[in-house]
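Throughout, a chain's letter reflects where its sequence line sits, starting with A, and its residues are numbered from 1.
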There are 2 protein chains.
Amino acid sequence: MSSYHHGDLRRAVLDRALEVVAEQGPAALSLRAIAADLGVSHTAPRHHFGSNTGLLTAIAIEGFEILRERLAQLRDQRAPFLELGVAYVEFASAHPAHFAVMFQPTLLDPTDATLEQAADATFAELRAGVEAIAPGSSTQDAAAVVTAAWSLMHGLATLELTGNLERSQIRRLLGLTDIADIARRAGSLLGASSRSAPSS
Amino acid sequence: MSSYHHGDLRRAVLDRALEVVAEQGPAALSLRAIAADLGVSHTAPRHHFGSNTGLLTAIAIEGFEILRERLAQLRDQRAPFLELGVAYVEFASAHPAHFAVMFQPTLLDPTDATLEQAADATFAELRAGVEAIAPGSSTQDAAAVVTAAWSLMHGLATLELTGNLERSQIRRLLGLTDIADIARRAGSLLGASSRSAPSS
DNA sequence: CTTCGATCTTTACAGTGGCAACTTACCGAT
DNA sequence: ATCGGTAAGTTGCCACTGTAAAGATCGAAG
């Protein structure tokens with residue numbers, strides 16, 4: 001009875017895949033290599049994820065859910081808008097593999113309904129956060145703010161994860177080591193002008 | 001004399017690779033498939049690029065050079081700082097395959113000296129643009145501005161290229177179709193506050 | 001005309017993903 | 001208690017890809 005059934009192979013494959021993606025990027029992911037690491041046959045993961053893109057899609061779904069829960073939590077706490085952005089960057093820093101996969105549609109299964117639903121739910125949470133900060137502003141002004149804020153935080157997270165923030169020595173120039181502090185500093189540059197221009 | 005030598009196989013492979021990357025992402029790139037498309041043997045590209053990552057590295061180098069030239073051009077024209085950001089986004093939009101590869105170190109050859117040099121030269125151009133806009137501000141203030149600006153433009157370009165700007169319907173809410181206009185609108189939110197806080 | 005280097009081809013091998021058929025374990029209904 | 005269905009896992013196979021070494025072809029310099 002030793003181990004025909006693994007117990008929780010699905011979770012084990014996911015965890016190992018997250019390690020590989022975080023260390024070597026999504027392109028280096030190999031179902032066979034993962035199966036070998038876990039000591040199961042090379043087609044065992046197929047039962048849970050179908051294919052290579054199926055595994056990546058599952059990671060993306062999990063990422064969207066983690067992020068959405070965190071954003072919803074902040075919204076319940078009536079947290080300031082800036083903290084949503086900070087949480088976005090912190091999520092990317094804490095879950096680099098998830099983040100690296102979530103926004104790369106070429107790696108994912110476009111027909112997966114669960115993925116679409118998870119992504120939409122997360123976007124809805126972001127929009128709700130914007131509603132809270134600028135209830136009186138016009139639709140276009142609000143859209144401009146969310147575009148700028150989302151772009152800034154997404155870009156910061158991306159540059160950090162790809163090592164480009166480090167290589168460009170920005171961290172040293174800023175004198176900040178914590179990525180959340182950097183996010184607050186950069187984000188506050190946006191907040192100053194967005195607060196000063198409610199147009200209603 | 002028909003065709004033992006291709007003429008300019010290197011350029012042909014690069015162009016075909018750019019098409020594939022733009023349409024299906026870097027992971028879908030196959031040296032053999034490209035060779036087949038061009039009607040040469042499957043190892044011919046290897047002679048020019050060495051390996052798969054060698055090809056991607058060559059694309060990244062080309063991308064850094066195109067971007068650097070454009071930034072240098074704007075600097076010669078004493079263009080406003082915002083236009084550097086707009087040019088950054090326009091570059092990503094015009095050369096999606098280059099952009100998709102340039103900032104993904106896991107896909108590139110880290111030992112390539114030419115790549116490192118091309119990237120450093122481009123970063124230097126960006127820093128020079130910041131010097132021009134805020135000569136009197138402190139080092140940390142300038143670093144904060146460049147972090148926010150770079151992050152914003154990089155994030156906007158990334159979200160646009162991955163289709164996430166489209167899916168989140170931000171374009172429609174903004175009422176802007178041209179990505180450069182979106183970049184100006186979003187970037188101007190930053191500019192307003194950065195101009196108002198010279199600290200010298 | 002010869003030689004040489006760059007370019008391209010041929011041939012070969014290992015790794016990977018995906019598919020089909022089969023085996024083993026679990027679980028609920030009878 | 002067992003019987004049958006389903007989930008989980010295995011083995012074997014094929015097609016495709018990357019990598020490598022050695023040979024063939026061309027252009028050009030001498």
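Rounded to whole Å, the distance from CD1 on B/Ile34 to C1' on D/dG18 is 13 Å. In this structure, the CG atom of B/Asp8 is 14 Å from the C1' atom of C/dC8, given to the nearest Å.
Note on B/Leu82 and B/Leu174: same hydrophobic cluster, where clusters join Ile, Leu, Val, Met, Phe, Trp and Tyr whose side-chain heavy atoms are under 4.5 Å apart, directly or indirectly. Hydrophobic clustering of Ile, Leu, Val, Met, Phe, Trp and Tyr side chains at less than 4.5 Å, counting indirect connections, keeps B/Val20 apart from B/Leu56.
In this structure the side chain of B/Phe99 never reaches within 4.5 angstrom of the side chain of B/Leu67, judged on heavy atoms.
Annotation: proximity of residues 44-54 of chain B to DNA chain C (heavy atom, distance under 4.0 Å) is found for B/Ala44, B/His47, B/His48, numbered in ascending order. Residues from residues 100-112 of chain A with heavy atoms under 4.0 angstrom of DNA chain C: there are none.
With respect to A/Glu116 and B/Arg167, no salt bridge is recorded, no charged nitrogen being found less than 4.0 Å from a carboxylate O. Between A/Asp15 and A/Arg11 there is a salt bridge, with a side-chain nitrogen of the basic residue lying less than 4.0 Å from a carboxylate oxygen of the acidic one. The pair A/Glu65-A/Arg68 does not count as a salt bridge, with every side-chain nitrogen at least 4.0 angstrom from each carboxylate oxygen. Checked for salt-bridge contact, B/Arg185 and A/Asp141 meet the test: a charged N lies under 4.0 Å from a carboxylate O. For B/Glu160 and B/Arg171, the salt-bridge test passes: some basic side-chain N is under 4.0 Å from an acidic carboxylate O.
Around CD of B/Gln73, the count of heavy atoms belonging to other residues, nucleotides or ligands within 6.0 Å exceeds 12.
Just one residue in the list A/Asp112, A/Val101, A/Ile66 forms a side-chain contact (heavy atoms from CB on, under 4.5 Å) with A/Ile61, and that residue is A/Asp112.
At the phosphate of C/dG15, neither OP1 nor OP2 sits under 4.0 Å from any side-chain N or O atom of A/Ser30.
Between the side chains of B/His42 and B/Arg32, at least one donor N or O sits under 3.5 Å from an acceptor N or O.
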When you compare the protein's N or O atoms with those of nucleotides 12-14 of chain D, which come within less than 3.5 Å of each other, and at what distance?
{"unit_1": "D/dG12", "atom_1": "O6", "unit_2": "A/His42", "atom_2": "NE2", "d": "3.3"}

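Heavy-atom nearest nucleotides on DNA chain C were determined for A/Leu31 and for B/Arg10, and the one closer to the 5' end corresponds to B/Arg10.
Counting non-hydrogen atoms under 4.0 angstrom, A/Leu29 reaches the backbone sugars and phosphates but no base.
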